[in-house]
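Just so you know, residue 1 is the first one in the sequence shown, and it goes up from there. Since the structure is predicted, the reported quantities are computational estimates derived from the model, not experimental observations.
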Amino acid sequence: GRLLAAVAADPSVPVSRVELLGSVERELVLEGWNDTAVPVVAGSLPGLFAARVAQSPDAVALVAEGVELSYRELNARANRLAHRLIGLGVGAESPVAMLLERSAEVVVATLAVLKAGGFYVPMHASLPAERMAGVLADTGARVLLTDRAEPGFEHTATVLRPGDELPLLETDPAVAVDPDQLAYVMFTSGSTGVPKGVAVRHRDVADLAADRRWRGGAHDRILLHSPHAFDAATYELWVPLLAGGTVVVAP
C-alpha cells in the first residue's frame, strides 16, 4: 500500500527511493531485531570452563549411558588425559585427530586437547579410509584419539584409546591458551571439490556460547546428538558447558 501510494503521488520518483517501512517498522527491523550485542567474552575455552568448575563443581556437567559426571569429575578426567597429551608433545596449536563414537569420551577428549593447548580435528566415522588419512596428512596431526581397535587407514600418529592408562595427576595443566589460538579444524564434506579444513578459534566458540538467544533456561540441558565432526556439535557441546548447564549424550 505504501509503495502504491508513493508512486501515485509522484510517478517520477525512482522505486529505489520509495520508503517501504514506516518509522515504527524501521525501528523494529533495524534496532529491535538487531539488538544482539553482548559483552566481548574474555578468555580461552579451558579458562571459561575452569570458571564454571570453580563456580558450580557439583553441578551435573555430563550425562552419558546412565552415568552422570559433575563439573569437578569431568574436569579431573579431562586433566588426566591432558597431562598424557602433553607428555606426547601436544602443545600450543598442536593438532590432535579425534575418531570417536558419540560418548562421554568425546566430551572428555575435546576438553583435554584444549587444556593441553592443542586443537582438535574431529573425523566422521563414515569417512572412507583415504579421506581419514588425508585429514591427518593435511593437519599434520601426530596424535590420534580413537575408540577403534584399528583405525582402518594408514597413518604415523600415536594412538590413544579410552581405557588406556593415564597419569593420576588430576590438577589443571595450567597451559597458557590465548583466545586467538585455534580450538578446532573441521573439514567440509568435499561435495563440490577437495575437502577444506575450516579453522575456528577459542574466541569464536566463546562468542557463540555467549549469544543471548541461549538464555532463559531452555538451553541449560542440551542433547549432544550430532556427529562430532558436524558443526552443530559446537553448539551442543559448548553452550551448556560454558554456562554451567548439562550435556546429555545421545546413545
Side-chain angles (χ1 to χ4, degrees), residues 37-62 69-96 98 104-122 139 141 143 145 166-186 198-215 219-222 224 228 231 233-247 249:
V38 294
V40 175
V41 179
S44 65
L45 296 178
L48 296 170
F49 177 74
R52 286 300 174 184
V53 174
Q55 182 175 340
S56 51
D58 297 319
V60 177
L62 177 65
L69 293 180
S70 68
Y71 273 81
R72 180 190 290 110
E73 293 167 332
L74 176 57
N75 189 55
R77 286 181 57 172
N79 284 343
R80 291 184 64 192
L81 180 54
H83 285 293
R84 179 75 174 98
L85 292 170
I86 292 170
L88 292 174
V90 174
E93 293 199 323
S94 298
V96 176
M98 294 177 58
E105 297 305 326
V106 167
V107 183
V108 172
T110 300
L111 282 166
V113 170
L114 298 183
K115 282 173 171 284
F119 64 88
Y120 56 98
V121 184
T139 59
V143 177
L145 290 165
L166 297 175
L168 297 177
L169 194 59
E170 295 183 346
T171 56
D172 196 300
V175 174
V177 179
D178 189 274
D180 284 320
Q181 287 182 210
L182 289 181
Y184 66 83
V185 170
M186 192 173 292
V198 179
V200 178
R201 305 170 302 171
H202 287 249
R203 184 186 306 280
D204 303 322
V205 179
D207 285 345
L208 169 71
D211 195 294
R212 296 189 315 189
R213 74 186 65 196
W214 316 131
R215 299 176 186 173
H219 301 266
D220 293 345
R221 188 177 175 90
I222 296 177
L224 176 61
H228 193 224
D231 57 2
T234 303
Y235 154 77
E236 296 166 6
L237 179 64
W238 289 111
V239 167
L241 288 183
L242 297 188
T246 304
V247 178
V249 181

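For the pair Val200/Thr234, no side-chain contact is recorded, criterion being any heavy-atom separation below 4.5 Å from C-beta on. Side-chain contact between Val106 and Val249: absent, with no pair of heavy atoms (C-beta onward) separated by less than 4.5 Å. Tyr235 is listed as a side-chain neighbour of His219, based on a closest heavy-atom distance under 4.5 Å. The closest side-chain heavy-atom distance from Tyr184 to Val198 is not below 4.5 Å. By the 4.5 Å heavy-atom criterion applied to side chains, Leu145 and Val96 are counted as neighbours.
By the ring pair (Phe, Tyr, Trp, His ring centres under 6.0 Å) test, Trp238 is found to be paired with no residue, residues two or more places apart in sequence or in another chain being considered. Every residue two or more places apart in sequence or in another chain that forms a ring pair (Phe, Tyr, Trp, His ring centres under 6.0 Å) with His228 is listed here: Tyr120. Qualifying side chain to side chain donor-acceptor pair (under 3.5 Å) partners for Thr139, counting only residues two or more places apart in sequence or in other chains: none. Take Thr246 and apply the side-chain contact (heavy atoms from CB on, under 4.5 Å) test, not counting sequence neighbours, and it matches Val60, Val63, Arg221, Val248. For His83, there are no side chain to side chain donor-acceptor pair (under 3.5 Å) partners at least two apart in sequence or on another chain. Every side-chain contact (heavy atoms from CB on, under 4.5 Å) that Ala76 has, sequence neighbours left out, goes to Glu170. Scored by the side-chain contact (heavy atoms from CB on, under 4.5 Å) test, Leu182 finds Glu93, Phe119, Val185, Ala199 as partners (sequence neighbours excluded). Glu73 is linked by a salt bridge (Lys or Arg N to Asp or Glu O under 4.0 Å) to nothing, counting only residues two or more places apart in sequence or in another chain. In terms of the side-chain contact (heavy atoms from CB on, under 4.5 Å) criterion, residue partners of Leu88 (sequence neighbours excluded) are, by chain and number, Arg84, Val143, Thr158, Leu160.
Contact record, Ala116 with Val175: O-CG1, 3.9 Å, taken as the closest heavy-atom pair. Among all heavy-atom pairs drawn from Leu242 and Ala209, the shortest one is CD1-CB, 3.8 Å. Closest approach of Val121 and Pro95 over heavy atoms only: CG2-CB, 4.2 Å. The heavy-atom pair separating Ser94 from Gly91 by the smallest distance is OG-N, 2.9 Å.
Put simply, the side chain of Trp214 never gets that close to the backbone of Pro240: no donor and acceptor are under 3.5 Å apart. Remark: side-chain polar atoms of Tyr71 are not paired, donor with acceptor, to backbone N or O of Ala50 under 3.5 angstrom. The closest donor-acceptor contact from the side chain of Arg80 to the backbone of Leu169 lies at 3.5 Å or more, if one exists at all. Between the side chain of Arg77 and the backbone N or O of Val108, no donor-acceptor pair lies under 3.5 Å.
The CG atom of Leu69 sits 11.5 Å away from the CG atom of Asn75 when rounded to the nearest 0.5 Å. Atom CG of Leu241 is separated from atom CG of Leu62 by 8.0 Å, given to the nearest 0.5 angstrom. Interatomic distance, Thr110 OG1 to Leu45 CG, rounded to the nearest 0.5 Å: 10.5 Å. One finds the CG atom of Asn79 at 9.0 Å from the CD1 atom of Ile86 (value rounded to the nearest 0.5 Å).
Evaluation of the side-chain hydrogen bond (donor to acceptor under 3.5 Å, both in side chains) test over residues 171-183, restricted to residues two or more places apart or in two chains, returns Lys115-Asp172, Asp180-Arg201, Asp180-Arg203. Within the structure, salt bridge (charged side-chain N to carboxylate O under 4.0 Å, His left out) contacts touching residues 45-61 (residues at least two apart or in different chains) are Asp58-Arg72.
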